[in-house]
Amino acid sequence: MGANLSWPNNDRTESPGTLQFVAPRALSPKAQQSFQQGMAHLQSGEAALAVAALSETIEHAPGFTAGHVFLGIAHALTSNIYPALDHLEIAMKLEPDNFAAHYTLAQLNFKLRIPQRGYEEAERAMHCNMNLEQRKLLNQLLREERARERNGIARPWFNKPFSRPMLFLAGSGMVAATIAALMHMH
């Protein structure tokens, strides 16, 4: 993931090249402080420091959706993919209609070359309340992924189960190999 990872949200302000988010007043002072520190670290490209600060935010406010989304982004930027996925999924559970969580997870899945999951999350993001900027970003993400698929190497999909004849053939082969190995040992 690059340093230009961004996502739109109605309650943040953005200027070119920046991420700014105003923490809600409902957070405790420690959670607000650590959240703002984490955002400052993300802003300056210090993702590892952002992980530490945003983790502290989540300790103080485990139900803070934006904290989980930004912690997921910070983990992704430090190449800690499983924690990134975990925090983005927690954010979606906390707020199923959160555009930022679905968009970020779609973007991460596309970067990881898991297009099927990326398209599923993009579809979920489409069902969230979006403003014009969000709709443009989502459409651009989908356009880029489709172009990558057209210009890239075709990759197999591993989501289809084996057919019964194929399973029978493979099972028969395993039984035959086991019998042959046992006969060879005697």
Side-chain angles (χ1 to χ4, degrees), residues 1-114 117-118 120-138 140-142 144-145:
M1 307 218 28
N4 62 349
L5 179 67
S6 65
W7 58 271
N9 192 336
N10 293 330
D11 50 355
R12 80 170 162 85
T13 59
E14 182 178 342
S15 58
T18 66
L19 273 176
Q20 297 175 352
F21 189 94
V22 179
R25 301 247 181 251
L27 291 178
S28 70
K30 284 190 176 201
Q32 283 184 5
Q33 180 183 8
S34 60
F35 181 73
Q36 292 187 358
Q37 287 174 347
M39 294 304 297
H41 290 306
L42 267 180
Q43 182 73 31
S44 64
E46 300 167 323
L49 295 173
V51 167
L54 293 168
S55 294
E56 187 178 331
T57 301
I58 297 304
E59 286 177 21
H60 295 293
F64 182 38
T65 305
H68 283 286
V69 171
F70 281 111
L71 182 55
I73 291 171
H75 275 300
L77 291 172
T78 59
S79 300
N80 293 321
I81 300 305
Y82 292 113
L85 293 171
D86 291 343
H87 283 286
L88 292 170
E89 288 174 6
I90 289 169
M92 288 187 313
K93 287 178 185 171
L94 291 171
E95 276 185 54
D97 287 341
N98 187 300
F99 175 81
H102 291 293
Y103 175 85
T104 305
L105 192 54
Q107 188 177 30
L108 180 58
N109 279 306
F110 288 142
K111 296 278 185 197
L112 294 172
R113 302 294 189 258
I114 310 171
R117 288 191 63 203
E120 289 169 4
E121 289 306 322
E123 180 69 27
R124 289 184 189 115
M126 281 185 201
H127 294 294
C128 298
N129 291 330
M130 291 187 287
N131 61 31
L132 184 59
E133 176 190 0
Q134 293 167 335
R135 189 174 305 276
K136 285 180 182 178
L137 279 174
L138 184 59
Q140 177 164 348
L141 178 68
L142 291 170
E144 289 171 0
E145 182 57 28

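The main-chain N or O of L141 is never found under 3.5 Å from a side-chain atom of E144 such that the two would form a donor-acceptor pair. Under a 3.5 Å cut-off, the side chain of H127 and the backbone N or O of D97 do not form any donor-acceptor pair.
Taking each heavy atom of A84 and G72 in turn, the nearest pair found is CB-O, 3.2 Å. In plain terms, the two heavy atoms of N98 and A100 that are nearest each other are OD1-N, 2.9 Å. Among all heavy-atom pairs drawn from L94 and P62, the shortest one is CD1-O, 3.8 Å. Nearest approach of L54 to G38, heavy atoms of both residues: CG-CA, 4.0 Å. Here the closest non-hydrogen pair linking A74 and A50 is CB-CB, 4.1 Å. Nearest approach of A91 to V69, heavy atoms of both residues: CB-CG2, 3.6 Å.
Note that NE2 of H87 is 14.0 Å distant from OG1 of T104, once rounded to the nearest 0.5 Å. One distance of note links CG of L85 with CG of N109; it measures 6.5 Å at 0.5 Å rounding. Considering CE of M126 and CZ of F99, their distance stands at 9.5 Å, rounded to 0.5 Å. Here the CZ-CG distance, from F70 to L77, works out to 11.0 Å after rounding to the nearest 0.5 Å. The CG atom of L138 sits 10.5 Å away from atom CD of Q107, with the distance rounded to the nearest 0.5 Å. Between I58 atom CD1 and F35 atom CZ the span is 8.5 Å, to the nearest 0.5 Å.
Every residue meeting the side chain to side chain contact (heavy atoms under 4.5 Å, CB included) condition with Q33, not counting sequence neighbours, appears here in chain and number order: Q37. Contacts of E46 classified as side chain to side chain contact (heavy atoms under 4.5 Å, CB included), with partners at least two apart in sequence or in another chain: H41, S44, L49.
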Could you please spell out the steps behind the salt bridge (Lys or Arg N to Asp or Glu O under 4.0 Å) verdict for R117 and E89?
CA-CA 13 Å; R117 288 191 63 203; E89 288 174 6; 3.4 Å; yes
Output, in order, the C-alpha distance, side-chain angles, deciding distance and verdict of side-chain contact (heavy atoms from CB on, under 4.5 Å) for L71 and H75.
CA-CA 6 Å; L71 182 55; H75 275 300; 3.7 Å; yes
Please evaluate residues M92 and E121 with respect to the criterion side-chain contact (heavy atoms from CB on, under 4.5 Å), reporting the C-alpha separation (whole Å), side-chain torsions for both, the decisive distance (0.1 Å), and the verdict.
CA-CA 10 Å; M92 288 187 313; E121 289 306 322; 3.2 Å; yes
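Side-chain contact of Q32 with Q36: a donor-acceptor pair under 3.5 Å is absent, judged by distance alone.
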